[in-house]
A.B. asks: 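First the structure, which I've put down as structure tokens, then a few questions once you've had a look.
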Amino acid sequence: MTNPEQTQSLDFIRRKIADDLESGKYDRVVTRFPPEPNGYLHIGHAKAIRINYGIARDFDGEFHLRFDDTNPVKEEAEFVEAIKDDVAWLGCDWGEHLYFASDCFEKMYACAVTLIKASLAYVDDLPADRISADRGTLTTPGVESPFRRRSVEENLELFERMKAGEFPDGSRVLRAKIDMSHPNMNMRDPVMYRILHAHHPHRGEDWCIYPMYDWAHGIEDSIEGVTHSLCSLEFENHRPLYDWFLDRLIEHHGEHVHKPEQTEFARFNLTYTVMSKRKLRELIEGGYVNGWDDPRMPTLCALRRRGFTPEAIGEFLDRVGIAKFTGTSEISLLEHCLRRDLNKSSPRVMAVLRPLKVVITNYPEGKSEELDAINNPEDPSAGVRKVPFSREIYIERDDFMEDPPRKFFRLAPGREVRLRYAYFITCTDIVKDDSGQPVELHCTYDPATRGGDAPDGRKVKGTLHWVSAAHAIDAEARLYDHLFTREDPSDVPEGHDWKENLNPASLEVLTGCRLEPSLASVEPGYRCQFERLGYFCADPDSTPGAPVFNRTVTLRDTWKKMQKMQKKQ
RNA sequence: UGGGGAUUAGUGUAACGGUAGCACGACUGACUCUGGAUCAGUUAGUAAAGGUUCGAAUCCUUUAUCCCCAGCCA
């Protein structure tokens, strides 16, 4: 943050941090991303990661990755590794700062004892439903528990026995003693500890009482030296409690207690998808998608598999910005960032998804030659490669029309087009099947146009990609489209289900695709552009000799857009 | 009839009492051996009503709409 011009348009959090630094409130910046290891991360989480990591980076601070593992019944060790993979993939480096909330359990316990001794916490024997009922409602105050006035000694002893495992699950809790008629429900004697005789993925059987989020989170932040505890808007109501716990500890806990500060920002929604864990799970369990890494999902593992780059996601998130309004970002912005990144980095290659055979009747039988193709017009250093050409080739079925409409610049009877990097060809004959569908075209070529330029200066309107039939590799392509047909999938009439908005064409699997031979042995994760079609990425389902490509995103396609417009009219 | 937040072009986000700007989208056009990319241009906004002020998106009042909160989840 040394560039003064940037201070003109800092987001509200960075501005506040800059102020805190200037006023001396804090002398450094420490942020953290605190996921609960109970599921896979999606692009919404990526925003929180990006904000926390980006701010630490911009202010030369520290970024911590901390697993908020305070609920053993919901958490699994498997998710810890998956989350680490995703955060690292995004390029957010936590360095040495990998933490587990559960490593603080001893200190949290000691802090709880402090509050009990200060008569600010008590053991409550009421059952859960009674505690819930006694909490009151949004508009009516709660009533105090009969156990609220227990002596410090009794509370100390009971809490000790809770920890020792003497009581069954649910039989008692430790609650903070605040105010049962507080207008903020979170302040009505919130539960600090519950009894859970469960195996903890990180702590094993060490504990049978587990801290609640509100109690644990501030202590974790404090212990790690977090300065700015950034979280999403729904925790705004929890901030008074966050502060209350920390302030009471500062008063009563003896040793110095560091006080971080919580600031909330808005999550975001993305058009044409859903982000809630519940809905994502429903899609999987209902078989609408094939798991958490199905490339149609908004999860990070899915986006990775589909071919998204962390750079594109990062740029998207930066452009979405930070504010306190929960809006809906357009997926077209994400796609824009993706194409921008992929355009400059992806090698170009020719692939025919829906092949139509073309026989070049005046090209010598048995002959083949190698033509020069540019690997990436956006990056001269990517060099050139050789592409084989022969008498029989495949072109895209969509690139031929027997009876073309106006503005169709591709191949048609009697029309001349360019084969990219090869020759001009002219269509002379159509071979059709019984139903009248073209199954093969006969064309002639002009040997003088080798390489794609006509020495006489004549122009063609269209350039087609192609693959030599004899040299082609067979492949599968998976074409993805938006998961839902509506911008807001939850926008359904009364009595209808949001899943009715699922896009039936969100996945189209194409087999028998023909690729140029340079793609013979690519590793899963390999990204390239199929010229004129889109960006593709080799899927882990690929096997030697049988590659599978995911379409990451199409190229912008003005011809398809024109067709759509015409259909509408 | 409780408390806490929010509201600027279609979307997201700036402007912090002094010219309402940027990006994406959409639409035109130019160029092109990818109907890609690139380039040029057009489009469109301060939720409403009052008030303070020389001057208001910004400060005040009222209204409207939306989001969050009654887990021993996070």
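Predicted, not measured: the structure shown is a model, and the values here were computed from it. Below, chains carry the letters A, B, ... as their sequence lines are ordered, and counting in each starts from 1.
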A.B. asks: Both distances below 3.5 Å, Watson-Crick or wobble geometry, any strand: find the nucleotide opposite B:U61.
C.D. replies: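 Base partner found: B:A49.
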A.B. asks: If I take atom NZ in residue A:K461 and atom P in nucleotide B:G36, what distance separates them, rounded to the nearest angstrom?
C.D. replies: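 Spelled out: NZ on A:K461 to P on B:G36 is 12 Å.
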A.B. asks: If you only use heavy atoms from C-beta on, which nucleotide in B:G35, B:G25, B:G12 is closest to the side chain of A:R410?
C.D. replies: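 Ranking B:G35, B:G25, B:G12 by closest atom to the A:R410 side chain puts B:G35 first.
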A.B. asks: Determine which nucleotide pairs with B:U34, using a 3.5 Å limit on both distances of a Watson-Crick or G-U wobble pair.
C.D. replies: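 The base-pairing partner of B:U34, which may sit in any strand shown, does not exist here.
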A.B. asks: Quick one: is A:T271 getting a side-chain N or O under 4.0 Å of the B:U11 phosphate, OP1 or OP2?
C.D. replies: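 Result: no.
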A.B. asks: Taking the side chain of A:F325 as its heavy atoms from C-beta onward, which of B:U34, B:G12, B:A70 lies nearest to it?
C.D. replies: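 That would be B:G12.
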A.B. asks: Whether A:K277 contacts B:A74 is assessed here as follows: a side-chain N or O lying under 4.0 Å from the phosphate OP1 or OP2. Is that the case?
C.D. replies: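 The answer is no; no side-chain N or O of A:K277 sits under 4.0 Å from OP1 or OP2.
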A.B. asks: To the side chain of A:T558, which of B:C72, B:G35, B:U34 is closest?
C.D. replies: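 Looking only at side-chain atoms, A:T558 lies closest to B:G35.
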A.B. asks: Is A:S145 close to A:D134 at the side-chain level, that is, under 4.5 Å between some pair of heavy atoms?
C.D. replies: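 They are not in side-chain contact.
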A.B. asks: OP1 or OP2 of B:G35 less than 4.0 angstrom from a side-chain nitrogen or oxygen of A:R532, does that happen here?
C.D. replies: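 Yes, because at least one side-chain N or O of A:R532 sits under 4.0 Å from OP1 or OP2 of B:G35.
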A.B. asks: Would you check if the side chain of A:H200 reaches a backbone N or O of A:D69 as a donor-acceptor pair within less than 3.5 Å?
C.D. replies: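 Such a contact is found between A:H200 side chain and A:D69 backbone.
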A.B. asks: Reckon A:K324 has a side-chain N or O less than 4.0 Å from the OP1 or OP2 of B:C68?
C.D. replies: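 So the side-chain polar atoms of A:K324 never come under 4.0 Å of the phosphate oxygens OP1 or OP2 of B:C68.
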A.B. asks: With centres under 5.5 Å and planes under 30° as the test, does A:Y213 stack with B:A74?
C.D. replies: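 No, A:Y213 does not stack on the base of B:A74, since the centre distance and plane angle fail the 5.5 Å and 30° test.
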A.B. asks: Which nucleotide, if any, forms a Watson-Crick or G-U wobble pair with B:U1, using both distances under 3.5 Å?
C.D. replies: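 Partner of B:U1: none found under 3.5 Å.
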A.B. asks: Ignoring hydrogens and geometry beyond distance, is the side chain of A:N184 in donor-acceptor contact with the base of B:C69 at under 3.5 Å?
C.D. replies: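 Side chain to base: no pair below 3.5 Å.
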A.B. asks: Can you tell which of B:C72, B:A74, B:C27 lies closest to the side chain of A:M565?
C.D. replies: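 Between B:C72, B:A74, B:C27, the one nearest the side chain of A:M565 would be B:C27.
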A.B. asks: Taking only Lys NZ, Arg NE, NH1 and NH2, and the carboxylate oxygens of Asp or Glu, determine whether A:E416 and A:K461 approach each other closer than 4.0 Å.
C.D. replies: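 Salt bridge flag = no for A:K461 with A:E416.
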A.B. asks: Please state whether the phosphate of B:G12, meaning OP1 or OP2, lies under 4.0 angstrom from any side-chain nitrogen or oxygen of A:R267.
C.D. replies: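 So the side-chain polar atoms of A:R267 never come under 4.0 Å of the phosphate oxygens OP1 or OP2 of B:G12.
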A.B. asks: For B:A37, take OP1 and OP2 only and decide whether either is under 4.0 Å from a side-chain N or O of A:R556.
C.D. replies: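 Yes, such a contact exists.
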A.B. asks: Give one of base, sugar-phosphate or nothing for A:E378, where a contact means two heavy atoms less than 4.0 Å apart.
C.D. replies: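 Contact class for A:E378: base.
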A.B. asks: On RNA chain B, check which nucleotide each of A:L233 and A:G452 is closest to and give me the residue with the more 5' one.
C.D. replies: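 Nearer the 5' end of the strand: A:L233.
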A.B. asks: Carefully, step by step, assess A:E531 and A:Q529 under the rule side chain to side chain donor-acceptor pair (under 3.5 Å).
C.D. replies: CA-CA 6 Å; A:E531 291 219 30; A:Q529 183 198 97; over 6 Å; no
A.B. asks: Provide the Watson-Crick or G-U wobble partner of B:C22, both distances under 3.5 Å; none if there is no partner.
C.D. replies: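 B:G12 is the nucleotide pairing with B:C22.
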A.B. asks: Which nucleotide, in any strand shown, forms a Watson-Crick or G-U wobble pair with B:A70, with both distances under 3.5 Å?
C.D. replies: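 Matched B:A70 with nothing under the 3.5 Å cut-off.
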A.B. asks: Using heavy atoms to find the nearest nucleotide of RNA chain B for A:F12 and A:Y421 separately, return the residue whose nucleotide is more 5′.
C.D. replies: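 Its nearest nucleotide being more 5', the pick is A:F12.
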A.B. asks: So, do A:F268 and B:G12 meet the stacking rule of ring centres under 5.5 Å and planes under 30°?
C.D. replies: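 A stacking contact does not exist, since A:F268 is not both close and nearly parallel to the base ring of B:G12.
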A.B. asks: As a test of reading the structure: which of B:U34, B:C72, B:G12 is closest to the side chain of A:I131, going by heavy atoms?
C.D. replies: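 Ranking B:U34, B:C72, B:G12 by closest atom to the A:I131 side chain puts B:C72 first.
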A.B. asks: Checking A:H482 side chain against A:Y272 main chain: does a donor-acceptor pair fall under 3.5 Å?
C.D. replies: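 No, A:H482 side chain to A:Y272 backbone: no donor-acceptor pair under 3.5 Å.
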A.B. asks: Just checking, is any N or O donor in the side chain of A:T463 or A:R418 under 3.5 Å from an acceptor N or O on the other one?
C.D. replies: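 Short answer, yes.
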A.B. asks: When both hydrogen-bonding distances must be under 3.5 Å and the geometry is Watson-Crick or G-U wobble, what is B:A44 paired with, if anything?
C.D. replies: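 No nucleotide pairs with B:A44.
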A.B. asks: Does A:R194 make a side-chain N or O approach to OP1 or OP2 of B:C73 shorter than 4.0 Å?
C.D. replies: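 Affirmative; the distance criterion is met.
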A.B. asks: Please tell me if A:R278 has a side-chain N or O lying less than 4.0 Å from either OP1 or OP2 of B:A74.
C.D. replies: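 Answer no for this pair, as no side-chain N or O of A:R278 is under 4.0 Å from OP1 or OP2.
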A.B. asks: Answer yes or no: does a side-chain N or O of A:T70 lie under 4.0 Å from OP1 or OP2 of B:A74?
C.D. replies: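 Result: yes.
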A.B. asks: Counting the atoms with a prime plus P, OP1 and OP2 as sugar-phosphate, which does A:R420 contact under 4.0 Å by heavy atoms, base, sugar-phosphate, or nothing?
C.D. replies: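 Since a base atom lies under 4.0 Å of A:R420, the category is base.
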A.B. asks: Can you tell which of B:U34, B:G35, B:A74 lies closest to the side chain of A:R348?
C.D. replies: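 Nearest to the side-chain atoms of A:R348, counting from C-beta on, is B:U34.
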A.B. asks: Using side-chain contact (heavy atoms from CB on, under 4.5 Å) as the criterion, point out the one residue from A:L411, A:V352, A:V467 that pairs with A:I395.
C.D. replies: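 Output: one option passes, namely A:L411.
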